[in-house]
Trainee: 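Mind looking over this structure? Questions follow.
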There are 2 protein chains.
Amino acid sequence: MKKEDILKKLRSSGLRPTKQRVEIAKFLFERDKTFHFTVESLENHLAKKTTCKFALATIYNTVHAFKKAGHLSEVDVRGKKTYFDTNITDHHHFYDNETSELIDIDASEVVIQKIPKAPNGKKIKNVEVFINLKN
Amino acid sequence: MKKEDILKKLRSSGLRPTKQRVEIAKFLFERDKTFHFTVESLENHLAKKTTCKFALATIYNTVHAFKKAGHLSEVDVRGKKTYFDTNITDHHHFYDNETSELIDIDASEVVIQKIPKAPNGKKIKNVEVFINLKN
DNA sequence: TTTTTACTTTAGAATTATTATAAACTAGAA
DNA sequence: TTCTAGTTTATAATAATTCTAAAGTAAAAA
Ligand SMILES: [Mn+2]
Ligand SMILES: [Mn+2]
Ligand SMILES: [Zn+2]
Ligand SMILES: [Zn+2]
């Protein structure tokens with residue numbers, strides 16, 4: 001992902017390219033594999049990787065703007081913190097409760113043979129499969 | 001569910017049958033269909049149904065004791081509040097984002113044909129299917 | 001280039017859900 | 001009935017997140 005693409009992500013999220021936002025965008029989007037994170041973990045990573053200072057509110061605001069623009073998704077994990085996901089495709093997860101780690105499962109790796117029909121007046125938006133792991 | 005069964009639920013959770021606990025247990029377990037709730041919604045229901053007063057801490061403590069004893073389960077729902085479930089069997093859910101309502105899906109109504117194998121050293125504990133609804 | 005404007009960062013306050021505390025109360029044993 | 005361990009409760013504390021408003025900055029206007 002080039003600098004111009006980073007700027008595109010910011011613009012399409014309605015965000016001016018400030019120092020903080022560019023650092024956050026680079027950290028989140030200049031990678032090959034999926035990154036699952038909480039605001040707290042992102043803050044720690046940013047503190048290590050960059051010299052720039054980040055107010056917590058800036059991280060929250062930026063992450064939410066990316067989510068709203070569709071550049072990040074949210075994953076439901078048991079617990080109090082919100083988890084975000086750089087993988088915005090329709091996909092599933094393994095969840096390791098011991099390590100609180102999420103692992104992506106591509107949609108093609110799960111085939112559902114039978115599923116109930118939606119309640120009256122409703123339609124199915126999407127199906128999420130969550131596989132809990134143990135040792 | 002008879003009075004004796006309610007007392008059994010309390011005893012097996014290590015709880016003395018106090019006025020508050022009996023009311024909570026009756027409200028949660030004297031029903032046919034599944035009840036999905038947050039501590040806040042349970043508090044509101046109890047306020048309507050009974051004359052007894054409940055400190056929030058008592059509701060939290062009692063619900064957690066029931067969960068620990070296996071009489072309640074927890075469901076992961078997007079959002080900040082913890083959802084509990086009187087259905088303790090292995091089952092799945094529809095989730096209506098408009099109304100924040102959960103609907104049970106019996107395990108037999110979902111058949112999964114293909115699923116990835118667990119990462120090295122790990123085993124699959126259980127598989128949860130979450131079907132998001134739209135209008 | 002300067003000036004101006006609107007947007008942004010930030011520290012700290014506020015809010016929300018939950019958990020902890022410790023004093024007053026009570027079920028059940030003795 | 002008395003005693004004891006367990007319970008309820010109001011309130012304080014904590015944790016995650018959101019809000020606020022003052023000081024700072026990017027980009028448009030002059
Ligand atoms: Mn969650
Ligand atoms: Mn949740
Ligand atoms: Zn993912
Ligand atoms: Zn359920």
Side-chain angles (χ1 to χ4, degrees), chain A residues 3-4 6-27 36-47 50-69 72 74-85 100, chain B residues 3-4 6-27 36-47 50-69 72 74-85 100:
Chain A
K3 185 181 280 184
E4 184 49 37
I6 291 297
L7 295 183
K8 223 175 268 176
K9 290 257 197 263
L10 288 168
R11 274 191 238 106
S12 62
S13 308
L15 299 176
R16 279 188 188 172
T18 65
K19 191 154 38 96
Q20 285 82 355
R21 288 168 174 172
V22 171
E23 288 299 331
I24 293 173
K26 281 167 66 180
F27 187 79
H36 296 109
F37 63 99
T38 64
V39 166
E40 192 193 15
S41 73
L42 177 56
E43 183 186 36
N44 293 335
H45 280 108
L46 289 169
T50 78
T51 54
C52 185
K53 298 279 173 209
F54 297 87
L56 203 49
T58 300
I59 304 179
Y60 272 102
N61 290 339
T62 306
V63 164
H64 282 146
F66 285 147
K67 191 196 158 193
K68 200 170 175 182
L72 289 175
E74 198 180 321
V75 188
D76 276 317
V77 175
R78 193 104 81 210
K80 289 160 202 170
K81 293 180 199 168
T82 302
Y83 278 74
F84 296 94
D85 192 339
S100 299
Chain B
K3 184 179 279 184
E4 185 47 38
I6 290 297
L7 295 183
K8 221 175 267 176
K9 290 257 197 266
L10 289 168
R11 273 190 237 108
S12 61
S13 308
L15 299 177
R16 280 189 187 172
T18 64
K19 190 153 40 92
Q20 286 82 356
R21 287 167 175 175
V22 170
E23 288 300 329
I24 294 173
K26 281 166 68 181
F27 186 80
H36 297 108
F37 64 98
T38 64
V39 166
E40 192 193 15
S41 73
L42 177 56
E43 183 186 34
N44 292 334
H45 280 109
L46 289 170
T50 77
T51 54
C52 185
K53 298 278 172 210
F54 297 87
L56 204 50
T58 299
I59 304 179
Y60 272 103
N61 290 340
T62 305
V63 164
H64 282 145
F66 285 147
K67 191 196 157 192
K68 200 170 176 183
L72 289 175
E74 198 180 322
V75 189
D76 275 318
V77 175
R78 192 104 81 211
K80 290 161 200 168
K81 294 180 198 168
T82 302
Y83 278 74
F84 295 93
D85 192 338
S100 298

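Letters A, B, ... mirror the listed sequences (proteins, then strands); counts begin at 1. Remember, it's a predicted structure, so these values are computed and weren't measured experimentally.
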Trainee: Ignoring backbone atoms, test whether Thr18(A) places a side-chain nitrogen or oxygen under 4.0 Å from the OP1 or OP2 oxygen of dC7(C).
Mentor: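 So the side chain of Thr18(A) is outside the cut-off, no N or O lying under 4.0 Å from OP1 or OP2 of dC7(C).
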Trainee: Please pick, from dA5(D), dT9(C), dT17(D), the nucleotide with the shortest atom-to-atom distance to any side-chain atom of Arg16(B).
Mentor: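 Ranking dA5(D), dT9(C), dT17(D) by closest atom to the Arg16(B) side chain puts dA5(D) first.
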Trainee: Between atom CD in Glu74(B) and atom P in dA17(C), what is the gap in whole Å?
Mentor: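 Those two atoms, CD and P, are 15 Å apart.
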Trainee: Quickly, which of Lys26(A), Glu23(A), Arg21(A) forms a side-chain contact (heavy atoms from CB on, under 4.5 Å) with Ile6(A)? Name it, please.
Mentor: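 So the option named by the test is Lys26(A).
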Trainee: Want to settle it: does Tyr83(B) or Ala57(A) sit nearer the 5' end of DNA chain C, counting the closest nucleotide to each?
Mentor: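 Checking each residue's closest nucleotide, the 5'-ward one belongs to Ala57(A).
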Trainee: In whole Å, I'd like the distance from the CG atom of Leu7(B) to the C1' atom of dG28(C).
Mentor: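 It is 14 Å, rounded to the nearest whole Å.
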Trainee: Quick one: Lys81(B) NZ to dT16(C) C1', roughly how many Å, whole number?
Mentor: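 So the two atoms are 9 Å apart, to the nearest Å.
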Trainee: Please tell me which of the listed nucleotides, dT8(D), dA16(D), dT17(D), lies nearest to the side chain of Leu56(A)?
Mentor: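 Selected nucleotide (nearest to the side chain): dT17(D).
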Trainee: Counting side-chain heavy atoms from C-beta on, which of dT18(D), dT10(C), dT18(C) comes nearest to His64(A)?
Mentor: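 Within the option list, the nearest is dT18(D).
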Trainee: Is Arg11(B) salt-bridged to Glu4(B), going by a charged N under 4.0 Å from an acidic O?
Mentor: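 Yes.
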Trainee: Closer than 4.0 Å, any side-chain N/O of Lys80(B) to the OP1 or OP2 of dT18(D)?
Mentor: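 Affirmative; the distance criterion is met.
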Trainee: Could you state the CZ-C1' distance from Arg78(A) to dT18(C), rounded to the nearest angstrom?
Mentor: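 Atom CZ in Arg78(A) sits about 16 Å away from atom C1' in dT18(C).
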Trainee: Whole-Å distance between dA15(D) P and Glu43(A) CD?
Mentor: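 That distance rounds to 15 Å.
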Trainee: Of all the choices, dA27(D), dT17(D), dT7(D), which nucleotide is nearest to the side chain of Pro17(A) once you look at every atom?
Mentor: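 Of the candidates, dA27(D) comes closest.
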Trainee: Can you tell me which nucleotide in dT18(C), dT10(C), dT7(D) comes closest to the side chain of Arg21(B)?
Mentor: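 Nearest to the side-chain atoms of Arg21(B), counting from C-beta on, is dT7(D).
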Trainee: Nearest of dA20(C), dT17(D), dT8(D) to any side-chain atom of Tyr60(A)?
Mentor: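 So the side chain of Tyr60(A) is nearest to dT17(D).
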Trainee: Whole angstrom is fine here: how far is it from CG in Leu10(B) over to P in dT26(C)?
Mentor: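 Distance check: Leu10(B) CG to dT26(C) P gives 18 Å.
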Trainee: Mind calculating the distance between CD (Glu23(B)) and C1' (dT7(D)) to the nearest angstrom?
Mentor: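 After rounding, the gap between these two atoms is 16 Å.
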Trainee: Could you check which of dT9(D), dT9(C), dA11(C) has an atom nearest any side-chain atom of Gln20(A)?
Mentor: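 Closest nucleotide to the Gln20(A) side chain: dT9(C).
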Trainee: Can you tell me if Thr58(B) uses its side chain to pair, donor with acceptor, with the backbone of Phe54(B) under 3.5 Å?
Mentor: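 Not confirmed, Thr58(B) side chain does not pair with Phe54(B) backbone.
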Trainee: Is there a donor-acceptor contact under 3.5 Å from the side chain of Ser12(B) to the main chain of Lys8(B)?
Mentor: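 Answer holds: yes.
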Trainee: NA contact type, Lys19(A), heavy-atom cut-off 4.0 Å: base, sugar-phosphate, or nothing?
Mentor: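 Result for Lys19(A) = nothing.
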Trainee: Which part of the nucleic acid does Thr58(A) contact within heavy-atom distance under 4.0 Å: base, sugar-phosphate only, or nothing?
Mentor: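 It contacts base atoms.
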Trainee: Checking ring-ring contact (aromatic ring centres under 6.0 Å, His included) for the pair His45(A)/Phe37(A): CA distance, chi angles, key distance, verdict?
Mentor: CA-CA 10 Å; His45(A) 280 108; Phe37(A) 63 99; 8.8 Å; no
Trainee: Find the distance Ile24(B):CD1 to dT9(D):C1' and express it as a whole number of Å.
Mentor: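 So the CD1-C1' distance, Ile24(B) to dT9(D), works out to 13 Å.
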